[in-house]
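Each residue takes its place number in the sequence, starting with 1. As the structure lists them, so they are numbered: ligands from 1, and atoms in each ligand from 1.
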Amino acid sequence: MTDPDTLLTQALERARVAPDDEALRALDREFLQKGGVVANLLASIPTLPPDQRKATGQKANQIKQALEAALAARKAELEEAALASERSGAGFDATLPGAKQERGGLHPITQVTRELEDLFTSMGWMVLDGPEVELDWYNFEALNIPKDHPARDMQDTFFCDVSTKNAHERDLSGKVVMRTHTSPVQVRAMERLKPPFRAIVPGKVFRNESTDASHEHTFHQMEGLCIGKDVSVGHLIGAMKTLLRGIFGREIEIRLRPGYFPFVEPGFELDARCPFCKDGCSVCKRSTWIELLPCGMVHPNVLKAGGIDPEQWTGFAFGLGLSRLVMLRHGIDDVRMLLSGDLRFLEQF
Ligand code: PHE
């Protein structure tokens with residue numbers, strides 16, 4: 001073994017001229033850390049003749065302290081030099097392009113949602129929110145869809161596995177669902193607000209679908225609810241025309257067909273004249289009409305469930321398919337792209 005003094009002299013010299021941090025770390029590993037020179041020296045002590053042990057121990061400590069000091073000093077020197085060179089502007093090239101700022105963008109669904117929120121708030125409507133995990137009561141019962149009603153089949157439902165009782169000791173098993181539409185917020189709104197009022201409710205909804213290009217288990221809707229004195233189908237049509245004008249930027253012809261939803265009576269399917277063609281295209285499936293807005297007059301049973309007297313108040317409701325609208329607007333042919341998180345898709349908006 002090289003004698004300790006020589007080792008120390010060499011190490012100190014290497015520290016003095018170390019070009020960078022990495023060189024300093026290498027010295028630290030070689031001498032000071034586990035398995036390094038100092039540790040080996042200390043480990044050898046028990047094997048030495050007794051009269052050499054003390055000196056060897058002292059030597060090891062001396063190496064440790066001297067090298068630690070040298071490493072610290074060189075580290076400070078290097079830092080100082082780096083700072084000085086930065087301050088002097090050496091190596092700075094003002095003509096190099098700057099670091100690129102990556103900018104995010106809003107999801108197309110968020111864009112449409114915000115536009116519609118602006119449109120409706122400008123007409124005095126409120127924007128409401130409601131829970132995505134919903135009670136069976138709000139999602140179905142209060143909307144005039146009792147247990148075992150065949151209308152439940154129209155909305156394949158995710159039931160939540162809630163086996164424990166909630167804070168009020170109510171047994172919720174089988175009574176908690178992922179909301180299948182935004183309509184439950186109609187009843188929640190009625191409970192909280194005094195009529196007259198008008199509100200839209202954009203949000204996520206969930207259905208237990210096998211997914212394909214036009215079906216997705218999670219998608220977006222925007223509910224609308226207007227409650228007032230003598231609110232009529234005329235008001236409904238007026239509001240829907242304004243909505244379509246806002247979306248497509250011009251007057252859009254509409255037609256009403258009868259539609260069945262237990263929570264409205266009468267209920268309609270509102271079709272819009274295809275904004276993309278005159279005499280049939282792939283979007284309107286050659287019919288020139290696009291089925292866009294299920295709607296109708298709020299059923300008296302629903303008003304009652306929400307604590308509103310149907311003798312005094314009437315209202316209309318609609319359920320705009322936001323996901324579908326975004327697909328129409330941008331010519332997206334697969335609904336699964338919307339929530340895919342695929343940047344190649346998202347960066348186009
Ligand atoms: N909630 C219905 C659905 O998702 C749509 C709807 C809303 C129909 C409001 C009428 C009135 O299918």
Side-chain angles (χ1 to χ4, degrees), residues 109 113 116 120 125-132 134-146 149-158 177-190 197-209 214-228 231-233 235-240 243-244 254-272 290-303 305-306 308 310 314-327 335:
I109 288 180
T113 305
L116 290 172
F120 276 91
W125 293 55
M126 285 178 282
V127 179
L128 298 181
D129 205 357
E132 291 173 356
E134 186 53 286
L135 290 169
D136 183 280
W137 164 257
Y138 289 104
N139 198 83
F140 294 122
E141 300 263 338
L143 291 172
N144 204 28
I145 316 176
H149 192 287
R152 289 205 179 196
D153 290 349
M154 301 197 305
Q155 303 185 348
D156 291 320
T157 309
F158 286 118
V177 302
M178 299 301 288
R179 68 174 178 194
T180 55
H181 49 180
T182 41
S183 302
V185 191
Q186 285 189 29
V187 183
R188 288 184 174 274
M190 291 177 200
F197 66 84
R198 287 164 291 174
I200 53 165
V201 187
K204 246 188 225 156
V205 302
F206 310 87
R207 291 192 195 174
N208 190 1
E209 309 265 12
S214 45
H215 296 90
E216 176 62 299
H217 50 70
T218 302
F219 55 102
H220 290 74
Q221 290 186 336
M222 189 184 82
E223 196 79 6
L225 177 65
C226 166
I227 303 284
V231 173
S232 69
V233 175
H235 295 114
L236 166 63
I237 293 175
M240 296 305 91
L243 167 57
L244 292 172
I254 62 163
R255 73 175 182 191
L256 288 183
R257 289 179 291 120
Y260 176 65
F261 305 93
F263 37 96
V264 284
E265 179 59 36
F268 308 107
E269 292 284 359
L270 186 145
D271 299 339
I290 293 180
E291 186 178 320
L292 201 56
L293 270 162
C295 54
M297 303 307 292
V298 180
H299 195 290
N301 286 353
V302 179
L303 290 168
I308 291 181
T314 51
F316 67 79
F318 60 89
L320 176 70
L322 271 187
S323 302
R324 190 164 136 68
L325 180 63
V326 167
M327 291 172 69
V335 63

Pro300: side chain to side chain contact (heavy atoms under 4.5 Å, CB included) partners, not counting sequence neighbours: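 Pro300: side chain to side chain contact (heavy atoms under 4.5 Å, CB included) contacts with Pro310.
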Side chain to side chain contact (heavy atoms under 4.5 Å, CB included) involving Arg188 - partner list, sequence neighbours excluded: Pro131, Glu134, Tyr138
Side-chain (Arg207) to main-chain (Thr180) donor-acceptor, under 3.5 angstrom: yes
Aromatic ring pairing Trp125/Phe120, orientation class (parallel under 30°, perpendicular over 60°, tilted between):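 Answer is perpendicular, since the angle exceeds 60°.
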Minimal non-hydrogen separation, Glu216 against Glu209, with atom names: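 For Glu216 versus Glu209, the nearest heavy atoms are O-CG, 4.0 Å.
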For residues 257-272, which side-chain N or O atoms pair as donor and acceptor with protein atoms under 3.5 Å away, sequence neighbours left out?
{"residue": "Arg257", "atom": "NE", "partner": "Asp271", "partner atom": "OD2", "Å": "2.7"}
{"residue": "Arg257", "atom": "NH2", "partner": "Asp271", "partner atom": "OD1", "Å": "3.1"}
{"residue": "Arg257", "atom": "NH2", "partner": "Asp271", "partner atom": "OD2", "Å": "3.4"}
{"residue": "Arg257", "atom": "NH2", "partner": "Glu291", "partner atom": "OE1", "Å": "3.3"}
{"residue": "Asp271", "atom": "OD2", "partner": "Arg255", "partner atom": "NE", "Å": "2.8"}
{"residue": "Asp271", "atom": "OD2", "partner": "Arg255", "partner atom": "NH2", "Å": "3.1"}

List ligand 1's nitrogen or oxygen atoms that come under 3.5 Å of a protein nitrogen or oxygen, with the partner atom and distance.
{"residue": "ligand 1", "atom": "1 (N)", "partner": "His181", "partner atom": "ND1", "Å": "2.9"}
{"residue": "ligand 1", "atom": "1 (N)", "partner": "Ser183", "partner atom": "OG", "Å": "2.8"}
{"residue": "ligand 1", "atom": "4 (O)", "partner": "Arg207", "partner atom": "NH2", "Å": "3.0"}
{"residue": "ligand 1", "atom": "4 (O)", "partner": "Gln221", "partner atom": "NE2", "Å": "2.9"}

